[in-house]
Asker: 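Following this message is one structure expressed as structure tokens.
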Amino acid sequence: MDFDLTEEQRMIRDAAREFAQGVVAPGAAERDRTATFPIEQFRAAAAQGFAGMVIPSQYGGSALGNVALSLILIEINKACASTGVTLSVHNSLCSAPLVKFGTDEQKRRYLPKLASGEWLGAYSLSEAGCGSDAAALVCSARADGDSFVLEGTKLWVTSATHADFFIVFARTAKEAKKAQGISAFLVERTFPGFVVSKKEDKLGIRASSTCELVFDGCRVPAANVLGEVGRGFPIAMDTLDGGRIGIASQAIGIARAATDAAVRYAKERRQFDRPIAEFEAIQFKLADMNARTDAAELCVLRAAWLKDLGRPHGREAAVAKLLASETANFCAREAVQIHGGAGYLEDFPVERNMRDAKITEIYEGTTEIQKLVIARHVLA
Ligand code: CAA
């Protein structure tokens with residue numbers, strides 16, 4: 001067993017850290033306050049090769065893999081969780097399924113644009129009546145000649161204000177059992193009959209956008225079906241196994257950021273004639289934060305490593321997301337507590353960390369869904 005990063009992974013992590021602190025961190029609080037989408041930060045990340053992490057080099061990707069992607073996401077999320085989720089969804093929910101399930105023609109047409117960051121990618125599964133019960137979706141796709149006509153409304157689509165390309169799940173067979181009869185479609189933003197509608201106003205990751213999509217007779221070429229017609233649900237699930245590693249990485253980044261801020265504050269803040277870092281009450285909090293983050297991070301990197309090896313990683317991804325998201329919330333809460341009243345103000349980053357942490361327990365499968373996935377593996 002070897003817990004060391006390779007030389008290449010260390011270099012990538014260091015480069016990501018420098019990029020995140022130099023380019024992404026400045027303005028992160030202001031973008032959060034004004035709900036300004038981090039499109040410039042996404043393009044700058046793409047220029048570093050971070051938009052094509054899982055895309056083969058023949059399509060212009062950097063093909064550095066999932067462990068490297070996790071390391072990058074941890075660093076970027078330390079600086080800005082909104083930029084972090086934008087990159088996570090682009091790589092793991094949009095590019096990865098296209099690499100795995102796409103035809104040669106689909107890959108040639110779309111992957112170079114995604115790898116270069118010319119196009120931003122998104123993923124659309126959820127609807128008003130379909131959140132945790134993903135197979136309950138009703139948005140429909142009717143075959144008509146050499147295309148499908150999409151009708152319905154999707155919800156909770158990350159990055160939709162700026163995304164150019166969406167993987168959309170819709171029902172192609174009404175009579176089929178729930179999870180069967182769902183297909184995956186590659187939808188360009190400019191397809192007629194497709195509009196990005198209402199943008200949500202959120203508690204955290206406020207610079208990231210989360211929108212409704214409306215399909216009103218949107219014609220999608222049959223050549224843009226991803227995988228087989230009627231076999232979209234397993235693609236959605238397989239993709240989320242990877243996406244959950246990205247969100248778990250995000251949670252580690254938030255946990256580390258909150259801990260770093262708490263350490264800085266504890267060394268500066270004086271009470272009872274000494275820095276509060278000298279009190280055991282504070283030290284025990286910092287120790288717990290550090291230990292829990294380390295344990296969760298090992299689980300995240302294990303899941304990413306298994307995915308890189310092409311081995312099953314669904315349970316491990318769920319374990320990683322469950323533990324990392326709980327850890328992010330624990331660390332952010334404790335960091336606010338260490339800051340006392342100051343932590344409740346916008347002036348310190350831990351307030352944003354606490355708001356951002358919450359979503360990691362909800363999107364790409366709630367904590368309860370991660371437990372359900374893990375329990376199914378345990379009982380199988
Ligand atoms: N990989 C591949 N295939 C899988 C799979 C996986 N991990 N899990 C299930 N499948 C397949 C099954 O083998 C089965 O295939 P067959 O039809 O061939 O038998 C099919 O999918 C149905 O499986 P289940 O019966 O297990 O499905 P289910 O209805 O019981 O659902 C669930 C399982 C785990 C609860 C699933 O619905 C789920 O993950 N729910 C949470 C959804 C979610 O995470 N949503 C987040 C959306 S994205 C987002 O958050 C926004 C964003 O942009 C960030």
Side-chain angles (χ1 to χ4, degrees), residues 73 81-82 84-97 100-101 120-137 139 154-163 165-169 171 173 176-184 196 199-200 202 204-205 208-213 227-251 303 306-307 310-319 321-322 325 356 358-377 379-380:
L73 289 176
S82 293
V85 70
T86 306
L87 272 172
S88 182
V89 167
H90 177 87
N91 279 286
S92 62
L93 289 192
C94 185
S95 304
K100 185 163 179 185
F101 300 103
L120 173 64
Y123 171 98
S124 173
L125 176 66
S126 306
E127 299 176 4
C130 134
S132 289
D133 186 5
L137 66 84
C139 185
K154 309 292 286 184
L155 287 186
W156 306 116
V157 184
T158 299
S159 301
T161 49
H162 289 70
F165 181 70
F166 300 74
I167 298 191
V168 177
F169 296 88
R171 187 166 295 285
K177 276 203 288 168
K178 259 173 92 177
Q180 277 117 41
I182 292 172
S183 305
V196 175
K199 175 178 174 248
E200 307 294 347
K202 306 189 296 289
I205 54 160
S208 156
S209 63
T210 308
C211 302
E212 178 182 89
L213 308 182
E228 281 175 54
V229 173
R231 296 299 295 156
F233 192 74
I235 293 178
M237 293 296 103
D238 183 86
T239 301
L240 281 169
D241 285 345
R244 287 166 185 165
I245 305 172
I247 300 307
S249 309
Q250 172 176 56
L306 284 169
K307 186 162 169 60
R311 284 167 48 184
H313 55 274
R315 184 188 70 83
E316 290 79 1
V319 166
K321 183 172 181 293
L322 170 68
S325 60
D356 289 345
K358 186 60 207 168
I359 193 60
T360 66
E361 292 181 325
I362 298 173
Y363 59 14
E364 299 200 30
T366 59
T367 289
E368 292 72 18
I369 288 294
Q370 306 314 315
K371 289 183 181 176
L372 182 150
V373 170
I374 296 163
R376 283 185 181 181
H377 280 275
L379 292 167

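For ligands, and for the atoms within them, numbers begin at 1 and follow the listed sequence.
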Asker: Can you tell me the protein heavy atom closest to atom 53 (O) of ligand 1 and the distance?
Answerer: Thr158 OG1, 2.9 Å
Asker: Judged on heavy-atom distance to atom 5 (C) of ligand 1, which of Lys154, His313, Met237 sits nearest?
Answerer: Met237
Asker: Is there a donor-acceptor contact under 3.5 Å from the side chain of Lys321 to the main chain of Gly365?
Answerer: yes
Asker: Judged by non-hydrogen atoms, does Gly314 sit under 4.0 Å from ligand 1?
Answerer: no
Asker: Please confirm whether the backbone N or O of Ala135 pairs with a side-chain atom of Arg171, one donor and one acceptor, at under 3.5 Å?
Answerer: yes
Asker: Look at atom 12 (C) of ligand 1 and say whether a protein heavy atom is found at less than 4.0 angstrom from it.
Answerer: no
Asker: When you measure from atom 48 (S) of ligand 1 to every protein heavy atom, which one gives the shortest distance, and what is it?
Answerer: Tyr123 CE2, 3.9 Å
Asker: Tell me the protein heavy atom at minimum distance from atom 17 (O) of ligand 1, and give that distance in Å.
Answerer: Gln180 NE2, 3.0 Å
Asker: Identify, for atom 47 (C) of ligand 1, the protein heavy atom at the shortest distance, and state residue, atom and that distance.
Answerer: Ser126 OG, 3.6 Å
Asker: Regarding atom 18 (O) of ligand 1: of the candidates Gln370, Arg231, His377, Glu364, which has the closest heavy atom?
Answerer: Arg231
Asker: Report yes if some N/O of Tyr363 lies less than 3.5 Å from some N/O of ligand 1; otherwise report no.
Answerer: no
Asker: His313 side chain to Arg311 main-chain N or O, any donor-acceptor pair under 3.5 Å?
Answerer: yes
Asker: Does this structure show an ion pair linking Lys178 with Asp133, if we count only N-O contacts that are shorter than 4.0 Å?
Answerer: yes
Asker: Determine whether the side chain, the backbone, both or neither of Leu240 has a heavy atom under 4.0 Å from any heavy atom of ligand 1.
Answerer: side chain
Asker: Tell me the protein heavy atom at minimum distance from atom 30 (O) of ligand 1, and give that distance in Å.
Answerer: Arg376 NH2, 3.0 Å
Asker: Is a donor on one side and an acceptor on the other found under 3.5 Å between the side chain of Ser88 and the backbone of Gly84?
Answerer: no
Asker: Using only atom types and a distance under 3.5 Å, with no angle test, would you say the side chain of Ser124 pairs donor to acceptor with the backbone of Val168?
Answerer: no
Asker: Report yes or no: does Asp238 contribute a side-chain atom to a donor-acceptor pair with the main-chain N or O of Pro234 at less than 3.5 Å?
Answerer: no
Asker: Side chain, backbone, both or neither: which applies to Phe233 and ligand 1 if a contact is any heavy-atom pair less than 4.0 Å apart?
Answerer: side chain
Asker: For atom 34 (C) of ligand 1, what is the nearest protein heavy atom, given as residue, atom name and distance?
Answerer: Val373 CG2, 3.9 Å
Asker: Among protein heavy atoms, which sits nearest to atom 51 (C) of ligand 1, and what does the distance come to when rounded to 0.1 Å?
Answerer: Trp156 O, 3.5 Å
Asker: Report yes if the side chains of Ile359 and Val85 come closer than 4.5 Å at any heavy-atom pair, otherwise no.
Answerer: no
Asker: Within a distance of under 4.0 Å, is there any protein heavy atom near atom 25 (O) of ligand 1?
Answerer: no
Asker: Which one holds for Arg244 and ligand 1: side chain close, backbone close, both close, or neither close, with close meaning a heavy atom under 4.0 Å?
Answerer: side chain
Asker: Just to confirm my output: which protein heavy-atom neighbour is closest to atom 2 (C) of ligand 1, and how far is it?
Answerer: Pro234 O, 3.5 Å
Asker: Should the pair Glu127-Lys154 be classified as a salt bridge under the 4.0 Å nitrogen-to-oxygen rule?
Answerer: yes
Asker: Minimum distance, heavy atoms only, to atom 7 (N) of ligand 1: which one of Asp238, Thr210, Asp241 is it?
Answerer: Asp241
Asker: Between Ala179 and ligand 1, which part of the residue brings a heavy atom under 4.0 Å of the ligand: side chain, backbone, both or neither?
Answerer: side chain
Asker: Quick one: does Ser95's side chain have a donor or acceptor within less than 3.5 Å of a partner on His90's backbone?
Answerer: yes
Asker: Heavy atom to atom 37 (O) of ligand 1, shortest distance: which of Ser92, Ser132, Ala318 holds it?
Answerer: Ser132
Asker: Which residues pass the salt bridge (charged side-chain N to carboxylate O under 4.0 Å, His left out) test with Glu212, not counting sequence neighbours?
Answerer: none
Asker: Output yes when a side-chain donor or acceptor of Ser209 lies under 3.5 Å from a complementary backbone atom of Thr161, and no otherwise.
Answerer: yes
Asker: What atoms in ligand 1 come closer than 4.0 Å to a heavy atom of Gly131?
Answerer: 42 (C)
Asker: Who are the side chain to side chain donor-acceptor pair (under 3.5 Å) partners of Thr210, not counting sequence neighbours?
Answerer: Lys202
